[in-house]
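I have a structure here, written as structure tokens, and I will follow up with some questions on it.
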Amino acid sequence: MPELPDVEVYRRRVERQVQHRTLTGAVVGDPLVLDGVSVSTLQRAVRGATAGAPRRHGKQLFVRLERGDDEGGGSPAWLRFHFGMTGRLRVVPEDDVPEYAYVQLALDAGETLAFTVPRKLGRVGLVDDPDAYVETKGLGPDALRIDRPRFEAVLSGRRGMIKTAFLDQSVLAGLGNIYADEILFQVGVHPRAKIAGLDAEPRHALFDAMKEVLHVAIQHEADPDALPPDRYLLPHRRGDDRDPFTGEKLQTVKAGGRTAYFSPSRQPEP
DNA sequence: CAGTTACCCTGTGCGC
DNA sequence: TGCGCACAGGGTAACT
């Protein structure tokens, strides 16, 4: 699931349902999903802390842990969530925790923030500064916040394929396999098209489509099947497999090691 | 540098 | 009905 739109939905969920509440403890069902922290360290960091404003960069979600000035007087700690392919985050009743909730953060009022991750490819960690984390991990600018000049700058000079660049989090942070496909479909660019072969007009259109697709996806709660089926690829990507405009069968190719769906007539071979 | 493959994990869906 | 295999919206390392 989680590409930028999903993580933004989770961020807003934390903002509305978790911010300002006190975390009373942590339960870890499998330490494999912890990144660089022990169970006990996570528990100490969480217990008694108040959730601050959540932040997102690309597919990373950060939640600040605030506490009274009597303890932890050093640098602030932030929870970091990365969702892998199947991670989810939601607030549930403490007596109705879903399956695969390998990290559970207890809230007040009998509720729990459940991080579910069936395939265990997601991670929860602690960082002391989200900006520093983004920097040291070499993440590119956030796809939702980047402006047009920066967008053109990060693409310029690249020799590879457009989809590979979109999937590379060090170029642009937040796009994943399915929203990259959607953007390329909207603009009519083949996933294996070389960036160097795209002139100013399609680059301009790619920026516009990226912003539009991300905003619309967030409006639809990051449910790809909820996008308007008359003009978006994703509702058809696993359903009827047909281009909503022409009715022709979608095709697939590999790019960047992942399967790209595209419409052969709208997105001609480079 | 660009591109591909293998791997990390485990659930699901399809073909036989 | 049951079994095996390929694949899945992420990321990284190693190899061509």
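Every chain is numbered from 1 and lettered A, B, ... according to where its sequence line falls, protein lines coming before strand lines.
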Fill in the blank from the handout: Whole-Å distance, A/I178 CD1 to C/dG10 C1', equals 12 Å
Handout entry: A/R119 CZ - B/dG11 P separation (whole Å)
Key = 10 Å
Practice task
Look at A/R238 and C/dG9 and indicate whether a side-chain polar atom (N or O) is within less than 4.0 Å of OP1 or OP2.
Solution key: yes
Problem - Plane angle bin for A/Y10 and A/F83 - parallel if under 30°, tilted between 30 and 60°, otherwise perpendicular - result: tilted
Problem - Minimal non-hydrogen separation, A/H236 against A/D240, with atom names - result: ND1-OD1, 3.1 Å
Problem - Interatomic distance, A/K120 NZ vs B/dC9 C1' [rounded to whole Å] - result: 8 Å
Completion exercise
Here the distance between atom C1' of C/dG11 and atom CG of A/L139, to the nearest Å, is 11 Å
Practice task
Flag yes if more than 12 heavy atoms outside A/R242 fall under 6.0 Å of its CZ atom; otherwise flag no.
Solution key: yes
Exercise for the section: Mind listing the closest non-hydrogen atom pair of A/L167 and A/A180 along with its distance? Expected result: CD2-CB, 4.3 Å
Exercise for the section: Please determine if a side-chain N or O atom of A/H82 lies less than 4.0 Å away from the OP1 or OP2 oxygen of C/dG10. Expected result: no
Practice task
Using a 4.5 Å cut-off on heavy atoms from C-beta on, say whether the side chain of A/T259 contacts that of A/K254.
Solution key: yes
Practice task
Considering only NZ, NE, NH1 and NH2 on the basic side and carboxylate oxygens on the acidic side, decide whether A/D181 and A/K163 come within less than 4.0 Å.
Solution key: yes
Exercise for the section: Name the nucleic acid region contacted by A/T259, choosing base, sugar-phosphate or nothing; use a 4.0 angstrom heavy-atom cut-off, strictly under. Expected result: sugar-phosphate
Practice task
Describe the nucleic acid contact of A/L167 in one word from base, sugar-phosphate, nothing, applying a heavy-atom distance below 4.0 Å.
Solution key: nothing
Exercise for the section: Pick base, sugar-phosphate or nothing for A/G160, based on heavy-atom distances below 4.0 Å to the nucleic acid. Expected result: sugar-phosphate
Problem - Dot-bracket line, read 5' to 3' along DNA chain B, where crossing pairs take [ ] and | marks a partner on another strand, Watson-Crick or G-U under 3.5 Å - result: .|||||||.|||||||
Handout entry: Separation between the P atoms of C/dG11 and B/dT12, rounded to whole Å
Key = 22 Å
Practice task
Report which part of the nucleic acid A/Y100 touches: base, sugar-phosphate, or nothing (heavy-atom distance under 4.0 Å, all strands).
Solution key: sugar-phosphate
Practice task
Tell me what A/R237 touches on the nucleic acid: a base, only sugar-phosphate, or nothing, going by heavy atoms under 4.0 Å.
Solution key: sugar-phosphate
Practice task
Using the P atom as the reference point in each nucleotide, state the distance between C/dC3 and B/dC9 in Å, no decimals.
Solution key: 25 Å
Handout entry: Whole angstrom value for the distance that separates C1' of B/dT10 from CE of A/M85
Key = 11 Å
Exercise for the section: Compare the minimum distances between each of B/dG11, C/dG10, C/dG9 and the side chain of A/K59, then state the nucleotide with the smallest one. Expected result: C/dG10
Practice task
May I have the distance from A/E182 (atom CD) to C/dG9 (atom P), rounded to whole angstrom?
Solution key: 14 Å
Exercise for the section: Give the nucleotide from the list B/dC9, B/dA2, B/dG3 with an atom nearest to the side chain of A/L32. Expected result: B/dC9
Practice task
Please report, rounded to the nearest Å, how far the C1' atom of C/dG9 is from the NZ atom of A/K163.
Solution key: 10 Å
Exercise for the section: Compute the centroid of each ring, for A/F115 and then for A/F81, and state whether the two points are separated by less than 6.0 Å. Expected result: yes
Completion exercise
Sorted by number, residues from residues 186-199 of chain A placing a heavy atom under 4.0 Å from DNA chain B are A/R192, A/K194
Problem - Protein-nucleotide distance (A/K254, atom NZ; C/dA6, atom C1'), rounded to Å - result: 10 Å
Exercise for the section: Determine the interatomic distance between C1' on B/dC1 and the same-named atom on C/dG10; round to the nearest Å. Expected result: 23 Å
Fill in the blank from the handout: Looking only at B/dC8, B/dG3, C/dG9, the nucleotide nearest the A/L121 side chain is B/dC8
Practice task
State whether the distance check finds a donor on one side and an acceptor on the other, under 3.5 Å, for side chain A/R258 versus base C/dG9.
Solution key: no
Exercise for the section: Return yes when atom NZ of A/K249 has more than 12 non-hydrogen atoms of other residues, nucleotides or ligands closer than 6.0 Å, and no otherwise. Expected result: yes
Handout entry: Closest to side chain of A/M161, choosing from C/dG11, B/dT4, B/dC1
Key = B/dT4
Problem - Minimum-distance pair of heavy atoms, taken over all atoms of A/L155 and A/A165 - result: CD2-CB, 4.3 Å
Problem - Nearest-Å distance once atom C1' is located in both B/dT5 and C/dA6 - result: 16 Å
Practice task
For A/R64 and A/W78, work out which heavy atoms get closest and say how close.
Solution key: N-CE3, 3.3 Å
Problem - Separation between the C1' atoms of B/dG11 and C/dT12, rounded to whole Å - result: 22 Å
Handout entry: From A/R56, A/R55, A/R11, residue fulfilling salt bridge (charged side-chain N to carboxylate O under 4.0 Å, His left out) relative to A/D142
Key = A/R56
Exercise for the section: Determine the contact category for A/A222: base if any of its heavy atoms lies under 4.0 Å from a base atom, sugar-phosphate if only primed atoms, P, OP1 or OP2 are that close, otherwise nothing. Expected result: base
